[in-house]
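Order of the sequence lines sets the chain letters (A, B, ...), proteins ahead of strands, with each chain counted from 1. Treat the numbers as computed from the prediction; the structure is a model and nothing was measured.
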2 protein chains.
Amino acid sequence: MRLTTKGRYAVTAMLDLAFHSEKAPITLTDIATRQIISLSYLEQLFSRLRKAGMVTGVRGPGGGYQLSRTPEEINIAEIISAVDEQLDSTKCGGKGNCHNNGPCLTHDLWMGLSAQIYDYLSNISLAEILSKASVADIAKSQDQVLKPFL
Amino acid sequence: MRLTTKGRYAVTAMLDLAFHSEKAPITLTDIATRQIISLSYLEQLFSRLRKAGMVTGVRGPGGGYQLSRTPEEINIAEIISAVDEQLDSTKCGGKGNCHNNGPCLTHDLWMGLSAQIYDYLSNISLAEILSKASVADIAKSQDQVLKPFL
DNA sequence: AAATAGTTGACTATTTTACTGGGTTTACCT
DNA sequence: AGGTAAACCCAGTAAAATAGTCAACTATTT
């Protein structure tokens, strides 16, 4: 489990999607405009999210993306690990022989630590974050940005 | 708060130090050999750890590094943030005006999330990790590697 | 048929990571 | 005093990850 800006972009985009796509699909262009993320970068991220089965793409006019599951059933950890390809962060790839045929300190340590963070984040759903009033307010205010173009 | 391999290197090195430097200072060369991290990279990391007041350098023969505080008083979060220079991960630098003069979704969201992870990691001390038998065992077995050279 | 929007892949620039190699300074030891 | 072991400091660099661009293509709706 790594925490980088890439994962943050993905979580932000998924939140935006969760907030807006209840009825109709939402285009990446809309998300790109609202969250100020490059469209093509979003495409990359959503390609991974789609393969991970978290979003569904709808082609053609009126198309866009929708969540494949309810916001309650999507947690932060899986979003992050969907976009962060994890090169096995241990030299041995988890075999435990990376250090002169013995396990390295990293194993019991970082692996466990990262597992706990994963555990922590996997217990936070998109719905939970959206339910915070302040987040909903921000999302609502961001809608104003697109209004002039509609 | 970011979680990258850089932070993992730092935590691993600090654990090694905590385990070995109770009496005499430990050289970076020793840590580099045991943990298989490049010496010069360790120097970079320890330069930051020293500036953060977590380790003390002792020059000259017989010198090396020691923890400035007890392992109980050093937590994982501060190690990671000492080496991970945090470019403010929000475009506005925390001013909350990054998104058309309104706060971006990232603010309440990722900032809070990352604060919670920090909180979590700041409650785990070096001593706590070392107290786990498995970690101590690994550290002990790694000592064998250096023996032939002594 | 035309327009919309996802899909794919190759390609580029920037930044961060990880490492190399050179030096200087400090302290200990013979 | 001179040698040596170590921290300390810096400039550079190779590899990787991040972030973004571009262009061609496919599917769908109107």
Side-chain angles (χ1 to χ4, degrees), chain A residues 2-13 17 21 24-33 35-52 54-66 68 80-81 83-89 91 106 149-150, chain B residues 2-13 17 20-21 24-33 35-52 54-68 80 82-89 91 106 149-150:
Chain A
R2 292 189 309 158
L3 286 185
T4 64
T5 53
K6 196 175 193 174
R8 197 180 74 233
Y9 276 130
V11 172
T12 306
L17 192 59
S21 74
I26 293 298
T27 69
L28 291 189
T29 308
D30 281 3
I31 300 180
T33 306
Q35 306 307 333
I36 316 182
I37 306 174
S38 105
L39 175 59
S40 307
Y41 197 42
L42 272 182
E43 281 173 354
Q44 279 181 44
L45 298 179
F46 272 77
S47 167
R48 285 172 182 271
L49 293 170
R50 188 173 55 83
K51 280 164 192 160
M54 313 175 65
V55 299
T56 317
V58 180
R59 291 180 162 202
Y65 280 98
Q66 273 180 315
S68 304
I80 292 173
S81 43
V83 298
D84 260 1
E85 78 262 51
Q86 70 219 52
L87 42 113
D88 38 45
S89 48
K91 280 162 189 158
T106 314
F149 305 110
L150 299 178
Chain B
R2 291 189 309 157
L3 286 186
T4 64
T5 52
K6 195 176 192 173
R8 200 182 71 232
Y9 275 129
V11 172
T12 305
L17 192 59
H20 290 97
S21 74
I26 293 297
T27 69
L28 290 189
T29 308
D30 281 3
I31 299 180
T33 307
Q35 306 306 332
I36 316 183
I37 307 172
S38 105
L39 175 59
S40 305
Y41 195 43
L42 272 181
E43 280 176 356
Q44 277 180 44
L45 298 179
F46 272 78
S47 166
R48 284 171 183 273
L49 293 170
R50 187 173 54 85
K51 279 164 192 160
M54 312 174 65
V55 298
T56 317
V58 180
R59 289 181 162 203
Y65 280 98
Q66 274 179 312
L67 299 182
S68 304
I80 292 173
V83 297
D84 261 1
E85 76 262 51
Q86 71 218 55
L87 41 113
D88 40 43
S89 48
K91 278 162 190 159
T106 313
F149 305 110
L150 298 179

Below 3.5 Å between N/O atoms, which protein atoms pair up with nucleotides 24-30 of chain C? Just atom names and distances, please.
unit_1, atom_1, unit_2, atom_2, d
C/dT25, O2, B/Arg59, NH1, 3.4
C/dT26, O4', B/Arg59, NH1, 3.0

Atom [atom1] of [X] and atom [atom2] of [N]: how far apart are they, to the nearest Å?
X: A/Arg50; N: C/dA5; atom1: CZ; atom2: C1'; result: 13 Å
X: B/Arg2; N: C/dT17; atom1: CZ; atom2: P; result: 5 Å
X: A/Tyr65; N: C/dG6; atom1: OH; atom2: C1'; result: 6 Å
X: B/Leu45; N: D/dA7; atom1: CG; atom2: C1'; result: 15 Å
X: A/Asp84; N: D/dA16; atom1: CG; atom2: C1'; result: 14 Å
X: B/Ile37; N: C/dT20; atom1: CD1; atom2: P; result: 13 Å
X: B/Leu3; N: D/dA17; atom1: CG; atom2: C1'; result: 16 Å
X: B/Tyr41; N: C/dG21; atom1: OH; atom2: C1'; result: 17 Å

Min side-chain heavy-atom separation A/Ser47-A/Glu43 under 4.5 Å: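 A side-chain contact under 4.5 Å is absent here.
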Closest-nucleotide 5' rank along DNA chain D - winner of B/Gly57 and A/Ser38: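 Closer to the 5' end of DNA chain D: B/Gly57.
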Earlier contact from the 5' end, DNA chain D, for A/Lys6 and B/Gly64: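 Its nearest nucleotide lies further toward 5', so the answer is B/Gly64.
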Sugar-phosphate only, base, or nothing, as touched by A/Phe46 at under 4.0 Å among non-hydrogen atoms: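 If one applies the 4.0 Å heavy-atom cut-off, A/Phe46 turns out to touch nothing in the nucleic acid.
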Sugar-phosphate only, base, or nothing, as touched by A/Leu28 at under 4.0 Å among non-hydrogen atoms: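 The answer is sugar-phosphate, as A/Leu28 gets under 4.0 Å only of primed atoms, P, OP1 or OP2.
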Could you run down the sub-3.5 Å N/O contacts of the protein with nucleotides 9-13 of chain C?
none

Atom of A/Tyr65, atom of A/Leu17 and distance for their closest heavy-atom approach: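 Closest approach of A/Tyr65 to A/Leu17, heavy atoms only: O-CD1, 3.3 Å.
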Which residues share a side chain to side chain contact (heavy atoms under 4.5 Å, CB included) with B/Ala24, sequence neighbours left out: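 Checked B/Ala24 against side chain to side chain contact (heavy atoms under 4.5 Å, CB included); zero matches.
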Proximal nucleotide (of C/dT17, D/dT18, C/dT20) relative to the B/Thr4 side chain: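 Given the options C/dT17, D/dT18, C/dT20, the side chain of B/Thr4 is closest to C/dT17.
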